[in-house]
Peer 1: 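A single structure is presented below for examination.
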Amino acid sequence: MIILVADDSRAMRLIVIRTLRQAGFAGHKVIEAENGKQAFDLCVKHNPDLILSDWNMPEMTGLDFLRALRASGKNTPFCFVTSEGSEEMREYAKAAGAVDLIAKPFTAEIFSDVLSTVVKV
Amino acid sequence: MSAIDEFEAAREDLEALLIEVLGAVAGEEALPVWDEGLPSGPIVWSRLAIHDEEDDSFTMVSVRTSSIVARVLASRMLLTPDPGPDDLLDAVGELGNIAGGNVKSLLRHSCRLSLPAAEVTEDAKPTETGVTVRAAVLGQVVELTVDVAGDVSGLYWPGGSPLTDALESRS
């Protein structure tokens, strides 16, 4: 399985990747992007099986990335990992086609609970 | 109720927010402190803005800590024994981003959050008008300030445009 992690903070990308492993998603290939545009380009090239994306990023936001992805016909499971975890943001995320939104700070248990319903470990 | 009164009324929630965010990022228990400030010396400072389109107001959120804490945070977040200057800015910038997102969820639901900007400075005292809460981690103080005032220059919206564009379009 290929997992795409998009976040403009390299520190946060590494934390997300570590948390994925702690949540039982070890052994998968992980590719990284630092904005939505780069993430979209990597999707075209690598066709990942799961996308974990920040919302607020330079160049292209996570929401615009998700919209571009769906407009291109790709239905890759997409989960936001973002600092804004209000119900309103969650509704925006799901309306745009995300499976869920994980708010920062998070735990491996939250990753496991959310992602195990989306992909098989 | 003024915005500052609202922030003051939320002081305990802001303290709890800082302790939770700091504890999660540092991987250490963070504790509230009330009578300690930042040590002298370089300060690593992260700031971002929350814009309310209804009344065109800005809420500024900033996080300050010593370069010692910034170095430890960067080392733990990036799993490197010797983080560079950009790593310190990345770590404290992300700490500010998480704090800012949680402040928005707490106080400013239907608003827009900017990207964080971080820098090292010798002079980043909290504003006198804002509400500042403090927590200690690794024996060092971290400050979170929420204020209505502040300089939005150098801040960018997600996607890339500078916040100053919004200010220029007002005039």
Side-chain angles (χ1 to χ4, degrees), chain A residues 5-22 30 32-40 53-68 80-93 96 101-111, chain B residues 17-27 30 46 48-50 61 63 70 73-80 83-84 86-118 155-162:
Chain A
V5 176
D7 197 303
D8 52 327
S9 165
R10 189 167 76 90
M12 184 47 65
R13 292 199 301 273
L14 292 181
I15 290 174
V16 169
I17 292 167
R18 278 206 299 279
T19 307
L20 270 171
R21 293 191 184 119
Q22 292 163 359
V30 177
E32 300 177 47
E34 58 187 46
N35 59 59
K37 184 177 182 306
Q38 196 178 86
F40 181 78
S53 176
D54 190 12
W55 191 298
N56 292 329
M57 295 184 285
E59 299 286 329
M60 179 189 270
T61 68
L63 187 62
D64 289 340
F65 164 37
L66 171 57
R67 286 174 174 153
F80 282 107
V81 181
T82 181
S83 62
E84 302 175 59
S86 65
E87 273 310 306
E88 186 181 24
M89 294 295 284
R90 232 171 263 278
E91 286 170 17
Y92 273 138
L101 181 154
I102 295 172
K104 302 171 185 174
F106 45 72
T107 63
E109 288 73 27
I110 292 172
F111 263 51
Chain B
L17 184 159
L18 178 60
I19 286 167
E20 184 192 356
V21 170
L22 197 52
V25 171
S46 166
L48 56 73
I50 302 170
V61 181
V63 170
L73 286 178
S75 178
R76 292 186 178 184
M77 292 168 86
L78 291 154
L79 291 182
T80 176
D86 286 348
D87 295 333
L88 270 60
L89 298 181
D90 185 16
V92 176
E94 187 57 23
L95 178 65
N97 180 47
I98 298 172
N102 280 268
V103 168
K104 177 178 175 277
S105 297
L106 180 68
L107 298 170
R108 292 286 180 266
H109 301 282
S110 301
C111 297
R112 191 177 182 199
L113 191 69
S114 81
L115 297 171
L155 293 177
Y156 291 83
W157 294 122
S161 60

Peer 1: Can you tell me if B:S75 uses its side chain to pair, donor with acceptor, with the backbone of B:T80 under 3.5 Å?
Peer 2: yes
Peer 1: If I measure from the heavy atoms of chain A, does B:L115 come under 4.5 Å with its side chain, its backbone, both, or neither?
Peer 2: side chain
Peer 1: I need the minimum non-hydrogen distance between B:S114 and B:P158, along with the two atoms involved.
Peer 2: CA-CD, 4.2 Å
Peer 1: Side chain, backbone, both or neither: which part of B:S110 has a heavy atom under 4.5 Å from chain A?
Peer 2: both
Peer 1: Given heavy-atom pairs under 4.5 angstrom as the criterion, report whether the side chain, backbone, both or neither of B:D87 touches chain A.
Peer 2: side chain
Peer 1: Identify the residues of residues 89-97 of chain B whose heavy atoms come closer than 4.5 Å to a heavy atom of chain A, ordered by number, or report 'none'.
Peer 2: B:D90, B:E94, B:N97
Peer 1: Tell me, side chain or backbone of A:R18 under 4.5 Å from chain B's heavy atoms, or both, or neither?
Peer 2: side chain
Peer 1: With respect to chain A, which residue among B:V103, B:V21, B:I98 yields the maximal number of heavy-atom pairs within a distance under 4.5 Å?
Peer 2: B:I98
Peer 1: Using a 4.5 Å cut-off on heavy atoms from C-beta on, say whether the side chain of A:Y92 contacts that of A:W55.
Peer 2: yes
Peer 1: With a 4.5 Å limit on heavy-atom distance, are the side chains of A:S53 and A:F65 in contact?
Peer 2: yes
Peer 1: Check each atom of A:N35 against the heavy atoms of chain B and say whether the ones under 4.5 Å are side chain, backbone, both or neither.
Peer 2: neither
Peer 1: With a 4.5 Å cut-off on side-chain heavy atoms, are A:D7 and A:V81 touching?
Peer 2: no
Peer 1: Give a yes or no on this: more than 12 heavy atoms of other residues, nucleotides or ligands lie within 6.0 Å of atom CZ of A:F106.
Peer 2: yes
Peer 1: Count the heavy-atom pairs under 4.5 Å between each of A:M60, A:M89, A:M12, A:R10 and chain B, then report the option with the highest count.
Peer 2: A:R10
Peer 1: Which one of A:V5, A:I102, A:D54 satisfies the side-chain contact (heavy atoms from CB on, under 4.5 Å) criterion with A:V16?
Peer 2: A:V5
Peer 1: Please identify, among A:M57, A:E59, A:E84, the residue contributing the most non-hydrogen atom pairs under 4.5 Å to chain B.
Peer 2: A:E84
Peer 1: Suppose we screen for side-chain hydrogen bond (donor to acceptor under 3.5 Å, both in side chains). Which residues come up paired with A:T82, at least two apart in sequence or across chains?
Peer 2: none
Peer 1: For atom CZ of A:R21, is the number of surrounding heavy atoms from other residues, nucleotides or ligands below 6.0 Å larger than 12?
Peer 2: no
Peer 1: Just by modelled atom types, is the A:G85 backbone N or O under 3.5 Å from a matching donor or acceptor in the B:S105 side chain?
Peer 2: yes
